[in-house]
Amino acid sequence: MTLDLPALAKAASDSWAPGVGTVYELRAAAARQGWTEVPMRSSDSALSALRPKSQADAAPNSLSAVHGLGEQPLHTDGAHLRRPPDWIALVVDQPNSTPTKLWRLPTGSGSVPWNALLNGVFLVSSGPDRFLTTSGDGRGLRYDPTCMAPCDQRATRAAAFFSEAEEAAEDHTWHRPREILLINNRKALHGRRAIADTNDIASRTVHRIAFTLERR
Amino acid sequence: MSRPWDPDALFIKAKLFLNHAMDDESRQFDEQALWASLALELLAKAALAKVSPVLIAVPTEEGNSLLVACGLVEGDVRFTSVQAKTLFARCARAFKPFSEKESKAIASARNDYLHAATPNFTPIPPDAWWPRFWAQAHILVNACDRVLEDLVGSDRVALVEVHLTKNKQNIEHRREMLIERARQRLGLYQSGQMRANEAQQWAQYRAGDLSAGLSYSGSSECPACGADGKLEGEDVEAAKHEVEQVSEDDYDSWMELTVGGEYFSCDRCRLVLDSFELVDSAGLPATFEVTTDVGDYWEPEYGND
């Protein structure tokens with residue numbers, strides 16, 4: 001069956017949606033849609049193979065360097081980039097037993113502290129690049145507590161809001177081979193649960209590709 | 001790293017500083033005003049840099065900052081921006097009715113608070129200071145092609161609007177006060193009830209003593225006494241070259257200038273309105289026409305004829 005990326009993107013437009021396919025099929029379908037791949041580091045390929053790593057084995061300045069095999073906090077990918085990616089696709093060839101947790105911004109709810117999200121200022125640190133930004137703007141969300149430090153009370157309130165969201169996160173389990181999880185990176189946060197099954201340390205591989213809709 | 005002249009980066013830093021000023025209501029007014037005054041300077045930089053980064057670059061002999069701002073030099077060259085007083089002077093010329101006087105007073109209070117032993121930011125009470133601050137900040141936000149909500153968030157817009165309304169009322173009160181006092185003074189003089197030393201000063205006055213000496217002036221009816229007063233301005237908003245044939249081989253040529261009115265004085269009742277806001281509030285024309293010799297304004301183009 002051919003991957004129908006437009007249908008998958010439509011299903012994931014407000015949060016995320018699972019599909020079936022391979023990295024090859026995904027990249028080809030994305031290219032047909034005019035999506036542009038985004039590397040997370042200037043020296044990296046846009047396609048990353050994410051494997052559980054201890055703090056000692058992790059690349060410096062990464063989520064694993066801070067959280068190791070433990071649970072990652074909810075975050076958007078590429079929060080350290082000037083223009084965060086719009087879509088994140090996670091792809092597995094084989095099932096594994098460590099879920100990816102997901103959380104979507106509530107809709108139609110008065111519980112979202114919009115003024116804190118839109119006006120609280122964070123300092124983003126990524127190697128030599130540092131800049132000020134907010135966790136929300138006209139394009140959507142940007143948040144990663146590992147690289148974003150709150151600078152004022154509104155930002156502290158925004159960080160607390162995302163921290164409290166951990167309790168409402170849902171799990172996506174990787175039970176099927178050739179599975180794709182497409183995440184709207186400007187409307188939903190995600191993170192890997194702690195590695196409870198030690199077999200996953202050697203076998204869990206999640207391929208990640210980030211895409212922007214902006215032509216470069 | 002954000003480029004030091006990036007208007008968006010300057011704007012978000014101004015937003016951060018205003019968050020510091022407005023976040024914590026338990027913060028002392030002096031500290032709130034300090035953060036706000038720092039934000040005002042950043043807003044001035046953002047507004048000018050949006051037009052061109054060159055407008056905020058220090059023009060040294062080597063021109064490092066200018067070259068970097070123009071994109072002619074890249075790499076690890078230090079960019080230095082001009083001082084607050086220069087920024088505010090430029091904003092006053094570029095973004096009317098931004099007041100150089102008001103903004104420099106804010107910057108001066110900030111410098112005294114930061115660098116001297118002055119224990120308080122300003123002797124002006126908070127209820128009077130914030131309306132004056134927001135009147136200037138609002139003009140710069142507009143010059144950045146943004147709205148107040150972009151700077152302070154929708155939950156704080158109402159608070160800022162209260163200050164802006166108060167500032168408008170303050171200007172109206174000041175205008176009424178100045179006009180009423182001018183009428184009163186003229187009435188006392190005409191009825192012979194003026195105190196002796198005041199009458200002596202009145203008698204010593206010479207026409208034009210209250211003029212600001214700006215480059216251009218026109219005549220306008222005084223809002224206090226109805227006499228012909230002097231409306232002055234520095235900035236030419238439009239210029240038109242007029243030519244008229246006065247005989248078969250003779251032409252008359254002159255310039256018609258439209259000048260922004262920013263200062264009014266009346267020799268009869270001695271009323272002075274010394275800002276664009278006061279001139280505007282008194283219903284005086286925003287601009288006036290001036291006729292000058294062509295040579296005073298420009299030299300005609302070479303025509304090769």
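Just so it is clear: chains get the letters A, B, ... in the order the sequence lines come, proteins before strands, and each one is counted from 1. Values in this document were obtained by computation on a predicted structure and should not be read as measured data.
- With a threshold of 4.5 angstrom between heavy atoms, A:Thr134 approaches chain B through its backbone and through its side chain.
- Within 6.0 Å of CD on A:Glu167 lie no more than 12 heavy atoms contributed by other residues, nucleotides or ligands.
- With sequence neighbours left out, the ring-ring contact (aromatic ring centres under 6.0 Å, His included) criterion links B:Trp35 to B:Phe17, B:His20.
- Annotation for B:Arg93: atom CZ does not count as buried by contact number, only 12 or fewer foreign heavy atoms lying within 6.0 Å.
- Applying the 6.0 Å contact sphere to CD of B:Glu234 captures more than 12 heavy atoms from other residues, nucleotides or ligands.
- Of residues 138-153 of chain A, those residues with a non-hydrogen atom less than 4.5 Å from any non-hydrogen atom of chain B are, in numerical order, A:Cys151, A:Asp152, A:Gln153.
- Proximity to chain B (any heavy atom under 4.5 Å) is shown, for A:Leu132, by both the backbone and the side chain.
- Counting non-hydrogen atoms of other residues, nucleotides and ligands closer than 6.0 Å to CD of B:Gln83 gives a total of 12 or fewer.
- Within 6.0 Å of the NZ atom in B:Lys13, the count of heavy atoms belonging to other residues, nucleotides or ligands does not exceed 12.
- Of the listed residues (B:Asn19, B:Asp6, B:Asp8), the one with the most heavy-atom contacts under 4.5 Å to chain A is B:Asn19.
- Taking chain B as the reference chain and counting heavy-atom pairs below 4.5 Å, the highest number among A:Leu118, A:Val124, A:Val121 is found for A:Val121.
- Below 4.5 Å, heavy atoms of chain A meet no heavy atom from residues 105-134 of chain B.
- Residues of residues 141-165 of chain B placed with any heavy atom under 4.5 Å of a heavy atom in chain A are listed by number as B:Glu149, B:Asp150, B:Val152, B:Gly153, B:Ser154, B:Asp155, B:Arg156.
- Atom CG of A:Asn119 sits about 9.0 Å away from atom CD1 of B:Ile12, to the nearest 0.5 Å.
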